[in-house]
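Data first, discussion second: the structure below is written as structure tokens.
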Amino acid sequence: MSTEENPAAAPRSLAEALRGRDDVSLAALLRSRPDLITPVPTDLTQLATRAGTRASVVRALERLDRFTLQTAQALAIASDPATYDELLGLMAGDDGDPAVSAALPHALGTLRAQALVWGGDDRLRLVRTARELLAPSPQHPSPTGLGPTVREAGAGISPGRIQEILATAGLPSTHDSVSALNALAGLFDDPEAMSALLDQAPSESVEVLERLVWGPPYGQVTADPAPRLRWLLDRGLLLPTAPGTVVLPREVALRLRAGRAHRTTEPVPPPVAAAAAHRPQLVDATAAGQAYTALATVEELLKDWHEGGPAVLRAGGLSVRDLKRTAVALDVPEPVAAFWVELAYAAGLLASDGEADERYAATPAYDEWRERPAGERWARLVTAWLAATRTPGLVGERDAKDRTLSALGPGLDRSAAPEVRHRVLALLAGLPEGAAPDAGSLLARLRWERPPRADRTGGGAPSPYARRTSAQPAEGTRGVAARAGGPGAPGYPADGASGEGGEDDLRSRLARWTLAEAEMLGVTGRGALSSHGRALIGAPPAPRHADTRTEPAGPGDKLPVHHRQTPVPPALSHAEQATAAAAAGRLLDPLLPEPLDHVLLQADLTAVAPGPLERPLADMLGVLADVESKGGATVYRFTPASVRRALDAGQSAADLHAFLTAHSRTPVPQPLAYLIDDVARRHGHLRVGAASSYVRCDDDAVLNEILADKRAAGLGLRRLAPTVLAARTDPAALLEGLRAMGFAPAAESAEGDVLIARADAYRTPPRTPPEPVPDGPPVPDDTLLAAAIRAVRAGDLASTAPRRPVAGAADTAPGELPRTTAAETLAGLQAAVLTNDTLWIGYVNAEGGASQRVIAPIRVEGGFVTAYDHTADEVRTYPLHRITGVAELAE
């Protein structure tokens with residue numbers, strides 16, 4: 001039975017409306033607004049109160065799509081309560097809009113489900129706080145561009161002036177101002193009477209109305225308005241609100257708008273258009289190549305910091321100079337280097353060592369990560385990327401305190417980042433397979449799903465009329481200069497603005513960064529989502545595009561917009577995301593190139609690796625040669641310094657010859673063999689040790705040559721013996737100085753043995769990856785929801801169940817704890833044990849928290865009562881001295 005047939009069934013408050021919901025509906029509410037369950041409310045009245053608080057309502061409004069938000073804005077200017085037909089008229093206009101009519105029930109259902117609207121279709125009520133936020137006022141302009149009603153705007157007009165307006169408008173006089181304003185509002189609500197009135201208006205006056213009709217509705221006039229303005233003021237089509245300020249009444253604006261609350265309604269989300277089409281195989285191959293490059297880049301980054309990376313700034317983070325050095329080492333721009341550094345940090349592969357002289361280095365997890373298959377390594381990186389709230393794109397910008405944001409430093413967390421990344425990938429998954437999105441349509445879709453703050457608050461630009469009259473005052477007056485947003489304070493909410501242009505601008509930038517980062521990670525290829533990218537977000541296989549082209553479309557060649565796109569997959573839980581990432585890694589593995597066990601040696605002292613190398617081969621070749629160029633094939637160059645580096649690492653000339661012979665598909669060139677032998681022959685001929693330091697050599701002629709060299713002056717050398725020189729510098733500096741002079745010295749121990757200069761890997765202590773900063777309370781799982789709903793229902797039963805006090809007890813007001821004496825409490829509990837009755841009790845716990853409970857006492861002994869607690873749905877024991885009182889339930 002509807003509320004129209006049974007008015008008594010209509011809820012009188014939001015709490016009563018919630019009380020009429022089933023558990024599934026309550027669970028949906030708590031899931032969409034998790035702040036309502038933190039902490040769990042004691043009953044439905046408290047839940048309704050919390051749902052109406054400003055912070056909670058603002059948060060709920062910010063998560064509405066554009067059409068649902070427009071529906072709430074229309075309800076804010078409608079009657080209170082409003083009917084469904086009135087709301088439909090405000091949304092669809094007098095002529096009606098089939099698309100709006102079809103979409104309005106779903107939007108209204110969303111508002112009801114989120115407890116922003118309650119009541120039946122005949123008595124729709126917007127939550128009071130939402131109405132205060134969205135209703136137009138001089139302090140809080142509405143996005144609808146509407147002003148106050150005639151009754152609100154005319155409240156400050158003198159009774160005599162109101163009667164003059166009635167007479168000029170052709171209405172009979174009344175006995176009081178209230179009835180006069182009602183009559184004037186009735187005139188504006190009557191289409192025929194309003195048309196007749198406007199037919200009499202001068203064209204200049206109609207032009208003023210047309211320029212104010214879509215807002216802002218406020219304007220300024222002089223003490224002696226022009227005739228065109230005087231005509232409107234005399235008939236109440238413009239009403240004064242303050243000295244020199246007038247407003248277009250809401251009823252007049254709606255009549256001029258043909259009943260529409262908004263200039264443009266968007267009942268259907270804009271589809272994401274495909275800008276180009278590629279063969280799915282080409283997309284997967286391109287994405288796989290990018291994924292391999294991503295793995296190689298992360299390894300190269302941490303290999304560069306193998307012995308300890310850059311120092312940590314005092315304020316935290318990486319210095320600008322160190323970021324530049326990293327970018328040069330990786331051969332990428334600085335913003336891209338910041339992305340790779342932040343990605344390694346988010347994946348737990350990189351951290352600070354925590355020492356006094358704090359530096360960045362790889363973590364122990366990096367060694368484990370390197371040994372995993374390529375698909376698993378990629379899955380770990382992209383999983384960390386999807387969940388990370390740190391935003392590398394902000395590196396180099398300034399925060400609210402004008403401090404530069406640095407890579408790995410504080411201030412980079414943006415809680416909206418994971419949601420935006422998932423939404424972008426999910427929308428890409430809605431396109432046909434191999435289709436790359438048009439970025440403009442993608443951003444338009446995201447703006448529809450989460451409207452910018454200007455669309456929520458209406459703080460837009462002034463009307464065209466305001467801009468014109470500000471430059472050209474009309475007829476010796478200032479005319480009606482519309483104020484942007486009305487005279488007063490800015491719209492809601494002021495919190496959440498960021499130093500990079502606000503939350504809304506940041507969301508658009510996050511979307512653009514997501515497209516670029518997904519391409520670098522190999523989640524997309526040529527802009528289209530790959531097959532392993534679809535698996536990463538749990539999306540089903542995409543439909544094949546009707547277009548049968550096998551080559552990419554041209555730069556301006558856009559494919560038809562798809563109105564029937566694949567449904568957007570929902571966000572995954574942490575466990576589901578891990579499973580999806582593992583599946584994506586398995587899909588990627590066959591697409592990655594197999595590691596090679598050979599290189600091609602060339603006569604110009606270079607070696608070409610035609611693909612990825614096996615790890616032992618790559619590590620050894622990285623010591624023996626320098627990387628000259630990267631790409632599909634990596635080119636290594638052998639130099640005297642690189643060969644000496646291999647000899648310092650403990651290799652002999654014979655070892656190097658054997659290594660190259662075993663791993664080259666071409667014969668070892670003679671120049672390379674000569675280079676190795678020549679460097680090996682000179683290697684270790686000089687010995688450096690610690691005195692401060694010393695040099696010894698069996699050939700005193702070599703020592704004479706060193707002493708005679710002017711470049712050795714800074715080393716502080718002096719002869720101790722025919723074959724020994726002492727130096728003031730330490731052994732490491734002496735080694736570098738002699739090598740700069742063209743010698744090939746070797747370090748030796750105190751026992752005279754040659755020291756092997758093998759670079760030991762430096763690792764931080766075990767570190768956990770950085771925790772993402774949550775965007776509000778986490779969404780509760782099904783177990784928590786079920787327990788919370790059970791507790792709320794039981795608490796609501798305790799607070800609303802009819803009850804009668806125990807004989808002799810004081811009367812208890814609704815919501816208060818029952819109060820009885822200790823003797824009355826004991827007697828009531830003992831009687832309930834004998835009669836198996838259920839009691840309502842007040843209870844104060846050890847922390848002083850008071851609550852109401854409905855219990856069925858089982859036994860009373862030793863100062864405790866054991867009872868089945870309906871509120872907690874379990875048997876509990878309560879100390880009698882903590883029970884404030886008891887009352888019997890009426891039924």
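We're numbering straight along the sequence, starting at 1. Everything numeric in this text was worked out from a predicted model, so none of it was measured.
The backbone N or O of Val623 sits less than 3.5 Å from a side-chain atom of Arg645, completing a donor-acceptor pair. Distance alone, capped at 3.5 Å, is enough to place a donor-acceptor pair between the Ser642 side chain and the Leu624 backbone. A donor-acceptor pair is defined here as one N or O able to donate and one able to accept, closer than 3.5 Å; such a pair exists between the side chain of Trp369 and the backbone of Arg377. Side chain of Arg719 to main chain of Pro722: a donor-acceptor pair is present (N/O by atom type, distance under 3.5 Å, no hydrogens or angles). A donor-acceptor distance shorter than 3.5 angstrom exists from the side chain of Asp655 to the backbone of Ser652, with no hydrogens or angles considered. Under the 3.5 Å distance criterion, the side-chain polar atoms of Arg534 are left unmatched by any main-chain donor or acceptor of Ala539. Arg380 places a side-chain N or O within donor-acceptor distance of the main-chain N or O of Ala347, the cut-off being under 3.5 Å. When atom types are taken as modelled, the side chain of Arg767 and the backbone of Pro364 share no donor-acceptor pair closer than 3.5 angstrom.
Electrostatic pairing of Arg370 and Asp619 counts as a salt bridge here, judged by a charged N lying under 4.0 Å from a carboxylate O. A salt bridge does not link Glu358 with Arg314: none of the charged nitrogens is closer than 4.0 Å to a carboxylate oxygen. Salt bridge status for Arg325 with Asp322: present, with a side-chain N to carboxylate O gap under 4.0 Å. Electrostatic pairing of Arg586 and Glu376 does not count as a salt bridge here, judged by no charged N lying under 4.0 Å from a carboxylate O. Contact check on Arg682 versus Asp677 returns no salt bridge, with no Lys/Arg side-chain nitrogen under 4.0 Å from an Asp/Glu carboxylate oxygen. Using a 4.0 Å cut-off between a side-chain N of Lys or Arg and a carboxylate O of Asp or Glu, Asp709 and Arg711 qualify as a salt bridge.
Separation of atoms OG (Ser352) and CG (Leu408) is listed at 9.0 Å; rounding is to 0.5 Å. One finds the CG atom of Asp284 at 3.5 Å from the OG atom of Ser531 (value rounded to the nearest 0.5 Å). In this structure, Leu428 CG and Ser530 OG are separated by 10.0 Å, a value rounded to the nearest 0.5 Å. Distance CZ/Arg421 to CD1/Ile537: 14.0 Å, rounded to 0.5 Å. In this structure, the separation between CD on Glu300 and OG1 on Thr326 is 11.0 Å, given to the nearest 0.5 Å. Atom CG of residue Leu588 and atom CG of residue Leu295 lie 8.0 Å apart, to the nearest 0.5 angstrom.
The nearest pair of heavy atoms linking Thr764 to Ala351 is CG2-O, 3.5 Å. Shown here for Asp402 and Arg398, the closest heavy-atom pair between the two residues is O-NH1, 2.7 Å.
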For this session: Apply side-chain contact (heavy atoms from CB on, under 4.5 Å) to Leu394 and Arg414, showing your working.
Result: CA-CA 10 Å; Leu394 297 175; Arg414 297 294 183 270; 3.4 Å; yes
Problem set entry | side-chain contact (heavy atoms from CB on, under 4.5 Å) between Arg637 and Asp604, intermediate numbers included | CA-CA 8 Å; Arg637 177 164 295 279; Asp604 59 350; 4.2 Å; yes
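Considering only residues two or more places apart in sequence or on other chains, His598 meets the ring-ring contact (aromatic ring centres under 6.0 Å, His included) condition with none of them. Taking Trp340 as the reference, nothing meets the ring-ring contact (aromatic ring centres under 6.0 Å, His included) condition, with sequence neighbours excluded. Residues that satisfy the side-chain contact (heavy atoms from CB on, under 4.5 Å) test with Thr666, not counting sequence neighbours, are Leu600, Leu601, Ser664. Under the side chain to side chain donor-acceptor pair (under 3.5 Å) criterion, Thr293 pairs with no residue at all, not counting sequence neighbours.
Judged by distance alone, the side chains of Glu748 and Tyr694 do bring a donor and an acceptor atom under 3.5 Å apart. Side-chain contact annotation: Tyr360 with Asp353, donor-acceptor N/O pair under 3.5 Å absent. For the 3.5 Å distance criterion, the side chains of Thr723 and Asp700 fail to qualify, holding no donor opposite an acceptor.
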Which donor-acceptor pairs under 3.5 Å do the side chains of residues 513-520 make with protein atoms, sequence neighbours left out?
{"unit_1": "Thr514", "atom_1": "OG1", "unit_2": "Leu510", "atom_2": "O", "d": "2.7"}
{"unit_1": "Glu517", "atom_1": "OE1", "unit_2": "Trp385", "atom_2": "NE1", "d": "2.8"}
{"unit_1": "Glu519", "atom_1": "OE1", "unit_2": "Thr524", "atom_2": "OG1", "d": "2.6"}
{"unit_1": "Glu519", "atom_1": "OE1", "unit_2": "Gly527", "atom_2": "N", "d": "3.1"}
{"unit_1": "Glu519", "atom_1": "OE2", "unit_2": "Arg526", "atom_2": "N", "d": "2.8"}

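Shown are Leu725, Thr729, Asp730; of these, the side chain to side chain contact (heavy atoms under 4.5 Å, CB included) with Ser693 is made only by Thr729. Partner of Phe339 under the side chain to side chain contact (heavy atoms under 4.5 Å, CB included) criterion, out of Leu521, Val395, Thr297: Leu521 alone.
Applying the ring pair (Phe, Tyr, Trp, His ring centres under 6.0 Å) test to every pair with at least one member in residues 639-674, sequence neighbours left out, gives these pairs: Phe659-His663.
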